[in-house]
Structures are given as C-alpha cells and as structure tokens.
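Let me begin by presenting the structure, written as structure tokens, before commenting on it.
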Amino acid sequence: MHRPLPSNPDAEREVIGALLFQSSRIADDVLPLLKPDDFDSFPLSNIWAACLDLHQARQPISLITVSERLRTNGTFPHLVASGGDAYLAELTNAVGLSDTANVVQCAQIVLDFSRRRTCMLIADKLAEQASIGTIPCSDLTDRAQTALQALADRTLRGVPKPLKRLLHEAVGTIEARYKSQRAVTGIPWGLTKLDALTHGRQPGHLIIVAGRPASGKTALVLGSAIHAAKEGTPGLLFSLEMSDEELTERTIASEARVDSRALRTGNLDSSDWIKITRSITRLADVPLQIDDEASPDLMTITAKCRRWRRDRKIFPQGNEPGFVILDYLQLIATNGRQQNREREVAELSKGLKALAKELRVPIIAVASLSRDCEKRTDKRPQLSDLRDSGNIESDADEVLFVYRDEMYNQNSPDKNIAEILLAKHRSGPTGTVRVNYLAASTTFTDLREPNGR
C-alpha cells in the first residue's frame, strides 16, 4: 500500500525565504539544522545546498550569490520550471523580518517532516526486503536498527554544552576519583604495571593491540576481558578469526592454567579436570558475550553494540562501565567503495572511534602488523608497522604492541617473557611493561624481575 509522504511546503519556503532575506542574522543558527535532503521540494533542496556551499566558503548568501552558485553547480535548470530567479525573489517577498527563534522553529518543523518521511521509507524498504526473503531476518533487523538509530542521532549531534555544566560534571568525576583513591580509573587490564602506566581502559577510547602472528595479542585482550568481566564489568567480544568454541576453550585453558594442546586432544589427567571444573565455576556467571559472526561489516557491529548497550538487563542505569573487543580490525568487512585498502581501514578506525565515544565505552581492537619489523635488527614493533593504514595510529587513543624476543632468538634470555610496548598514549606517558607469558595456556601474568623491576 503506497501512502503519500508527509511534508510541510509552507515551512520549507519560510525557512529558505527567511535565510535569503536575512542570512547575516540567522545563517549560523539555521543552516546546521538541516541537510538538502530534508526538503521534500527538489528546487528548495538545491537552493539549500547552494546556501550551504556559500556559507562553508564564507561567502554572503543573497539572491545573486545563490543564483550564481546554482548555475555553477549545474542545478539552476531544475529551478527554471518553478520560475528561476523570479522564484527566488518570490521566496524572499513572501517573508518579512523574522526572529531567529521563529525561523529555527520552522526549521525544526521541516526536520520533523523529513524524519517522518525517512521512517516511512525505512519501513517500506524493510517490508519489501522481508517480502522478497533473500536477506536473513537477523540482518534485516540490524539494518533497520542502524537506520533508525542514525535518524534518532540527528537530533542529538552538534549540541554544544555550556562550560558551567562541563565544569560541574568534571568536578563530580574528580571528586569520585579522590574518594576512591584508586590509581586505576578505567577498566583494568589485570596486569599491575600496565594498569599503573595506563590507569586502565577509559570510556570513549579506541585502543589498538597489535603484534605479529602468534605474539599473543589475542591472549592479552582475552585475558583482560575475563579479568574485567570477573570483576562485574560487562563486555562484548567480536571474534572474527576464531569460532566461539575455540575462544571458549582458550578461555578455559587460560583460567585453569591447563595446556591448551592437551585440552584440544583430550589428553588430560585428573588434576587437569579438577582445574577445569573449578575454572568453569568461576567463569559461569561473568557478564561477557561472544559474537563469532564471520567478517561482519561496521554497520552490523555498530548495530549489535548499540543493542547490547541499550539492554537494561546488562546496564540497568544505561551508563555503567562496559567494554567492546574486536579481534581483529583488518577482518571487518568493507563495502569496497573506496577501492583502496588503506582508505577502507581508515574508515573503519574512524567509525570505531566514533562508536566508542557514542557508547562511552573503551573499544579494544586487535590489529595485525606488516613484516617490516622483521626486516630490522631490533624487531620490536613501531607505529609505522601498523598494516594498511596510518589512520589507525592517528585515530587511536592508545596503541599497544606485544613483542616476544624468543620468537626471533632461540637463545633469548627472556624465555616465557613478553614485552607490552605502549607506543602511543594520548592521555599520558608511553613505556614498556615486561610480563610473564605462559605459552601452554596462553596466559599473561605479572612478572617479578630478579632485580626488583
């Protein structure tokens, strides 16, 4: 059943007429509220696009400049059927000097009708795709949630907060830290020296954990996830490389301190079974969810994260601490529009950073490294070794590398020792933390150096 899409032509003409008539007074307040496609009228949509172009170029908005911009953009012919320059003049003649608040109210009306139309189009598209039946229902609901959430966000973005309010919120945060007297203000890693260096994983941060294959990067993020979840912090872990069964077995092996190879082959003795049983008891109720969908795209990940964050069974107040882990970044599917892997990964890192800020949780993304580090005498990773994109480095709040010398040097004095190199730390110092790495159970633990370090 096709229904006419709602619109308010009077409000659309009023907003544009007022802008053309008194742009110097209202442009800064009105232009950010609407996009060209918020106008149901095609000619008015083109006029609004021209006004946005002029404003962004810091050029005056008037009948003459808008007319010229429409010609430059090649969209003036679309206005001819409505009357061309005479139509522009008619728009300004229809309005008088308006108070900014009145024009903003008209713009809100235009936006409201635009959102109504978008809701109807989303519903129609969903109904059509559901009827055809070629897309799984789970994908349909994820797409619908993402589209509706993006629509809802239109009213939340770009609203500045007064400094007075921000100062009040900051004092409350500082006071809570003062009362707790905790060095770790974020979600702990579970490694004493790393927590002392980073103060834990902070809300809104994008944290990259990178290393060469088999260096232990997955073991590090998995161990940190279990540690935080055991303390009651909910987590959502996307395992793009391993199945949930494999990841669960690794979790059991690490928690029980049992050889993971023995776990895979079933070559276990009675003491192993005791350890396994006890570890499962400790892990049974931790608030950690695992998603092992192969190669999801950023839209799917975003939809699942938003749904997880909105779940009041997990977050009763809606703003409690939580964390998201992605293992790993380069396996996230892309749309291929960029036709350039570096730009695609750049889009992913920017999207994940934006998602971390939106959800107010740290997002920890595992990333792979290029082979460049293995060509050097000192094979410790550097920021330039991040594969596919330098944007990963710029978007991340923290970048940690996992390095084990024994991977390259059979005679290494650092057997069963790993270095965690904090190469970037937007909120504090960088440095290196040495930890124990138990390869059999893929577990990281605190290291007590012989010299007391």
Side-chain angles (χ1 to χ4, degrees), residues 32 35-37 52 56 118 122 125 135 139-140 142-154 156-158 201-211 217-218 221 236-241 291-309 323-370 372 381-401 423-424 426:
K35 297 179 180 179
D37 57 9
L52 285 172
Q56 289 170 0
T118 303
I122 291 171
K125 185 174 182 180
I135 300 175
D139 288 350
L140 284 178
D142 283 343
R143 292 181 184 186
Q145 287 176 346
T146 299
L148 290 172
Q149 184 63 47
L151 182 61
D153 289 347
R154 281 289 307 278
L156 302 177
R157 291 176 180 168
R201 294 162 286 180
Q202 303 298 325
H205 279 198
L206 173 61
I207 302 167
I208 301 297
V209 176
K217 52 189 183 294
T218 296
V221 297
L236 177 58
L237 193 160
F238 292 90
S239 179
L240 282 67
E241 188 172 32
D291 187 298
D292 69 346
E293 179 181 345
S295 299
D297 56 21
L298 183 59
M299 181 180 72
T300 300
I301 290 171
T302 298
K304 290 181 178 181
C305 286
R306 285 171 172 163
R307 185 166 62 236
W308 167 76
R309 190 62 164 147
F323 63 90
V324 174
I325 290 176
L326 290 160
D327 186 16
Y328 62 89
L329 178 65
Q330 283 93 346
L331 286 181
I332 299 175
T334 56
N335 53 34
R337 287 198 301 264
Q338 295 291 343
Q339 296 182 345
N340 180 295
R341 183 57 181 166
E342 184 171 337
R343 291 181 181 176
E344 289 176 344
V345 174
E347 280 193 355
L348 291 177
S349 64
K350 288 185 182 301
L352 291 176
K353 173 58 183 174
L355 182 61
K357 289 181 66 177
E358 175 192 333
L359 301 182
R360 295 290 298 161
V361 300
I363 292 183
I364 303 94
V366 176
S368 58
L369 297 175
S370 68
D372 291 345
Q382 301 173 2
L383 289 171
S384 58
D385 297 326
L386 284 168
R387 205 179 80 191
D388 293 328
S389 176
N391 287 78
I392 298 176
E393 173 191 345
S394 61
D395 293 329
D397 296 279
E398 297 169 29
V399 177
L400 291 81
F401 295 121
K424 179 183 178 182
R426 201 187 300 275

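Sequential numbering from 1 along the given sequence is applied to the chain's residues.
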Handout entry: Distance-minimising heavy-atom pair for Arg426 and Ser394
Key = NH2-O, 3.2 Å
Exercise for the section: With rounding to the nearest 0.5 Å, note down the distance linking NZ in Lys350 to CD in Glu347. Expected result: 10.0 Å
Practice task
Using the side-chain contact (heavy atoms from CB on, under 4.5 Å) rule, pick out the option among Thr300, Val345, Ile301 that qualifies with Ile332.
Solution key: Ile301
Handout entry: Side-chain donor/acceptor of Glu393 to backbone N/O of Leu386, under 3.5 Å
Key = no
Problem - Residues that Asp385 engages under salt bridge (charged side-chain N to carboxylate O under 4.0 Å, His left out), provided they are two or more places apart - result: Arg376
Problem - Nearest heavy-atom neighbours spanning Ala333 and Ser295 - result: CB-O, 3.3 Å
Practice task
Determine whether the side chains of Asp327 and Thr218 contain a donor N or O and an acceptor N or O closer than 3.5 Å.
Solution key: yes
Handout entry: Closest non-hydrogen atom pair between Ala365 and Leu329, with its separation
Key = CB-CB, 4.5 Å
Completion exercise
In terms of heavy-atom contacts, Phe323 and Trp308 come closest through O-CH2, 3.3 Å
Practice task
Check whether any side-chain N or O of Lys217 sits under 3.5 Å from a backbone N or O of Gly211 as a donor-acceptor pair, and report yes or no.
Solution key: yes
Handout entry: Side-chain (Asp397) to main-chain (Leu206) donor-acceptor, under 3.5 angstrom
Key = yes
Fill in the blank from the handout: Smallest heavy-atom separation, Leu298 atom then Gly351 atom, equals CD2-CA, 3.8 Å
Exercise for the section: Dump the intermediate steps for side-chain contact (heavy atoms from CB on, under 4.5 Å) on Tyr328 and Val209, then the final yes or no. Expected result: CA-CA 9 Å; Tyr328 62 89; Val209 176; over 6 Å; no
Handout entry: Gap separating the CD1 atom of Ile392 from the NZ atom of Lys353, nearest 0.5 angstrom
Key = 15.0 Å
Exercise for the section: Calculate, to the nearest 0.5 Å, the distance between atoms CD1 and CG belonging to Ile208 and Leu352 respectively. Expected result: 7.5 Å
Exercise for the section: Please round to the nearest 0.5 Å and tell me the distance separating atom CE of Met299 and atom NZ of Lys304. Expected result: 11.0 Å
Exercise for the section: Applying salt bridge (charged side-chain N to carboxylate O under 4.0 Å, His left out), run through Glu398 and Arg201 and close with a yes or a no. Expected result: CA-CA 9 Å; Glu398 297 169 29; Arg201 294 162 286 180; over 6 Å; no
Problem - Atom pair NZ (Lys125) and CG (Leu140), whose distance is rounded to the nearest 0.5 Å - result: 10.5 Å
Exercise for the section: Would you mind checking if Glu358 and Arg309 are paired as a salt bridge, meaning a charged N to carboxylate O distance below 4.0 Å? Expected result: no
Problem - Whether Lys424 side chain and Ala396 backbone form a donor-acceptor pair below 3.5 Å - result: yes
Exercise for the section: Supply the atom-to-atom distance Leu348 CG to Asp297 CG, rounded to the nearest 0.5 angstrom. Expected result: 9.5 Å
Practice task
Check step by step if side-chain contact (heavy atoms from CB on, under 4.5 Å) holds for Leu355 and Cys305.
Solution key: CA-CA 9 Å; Leu355 182 61; Cys305 286; 4.0 Å; yes
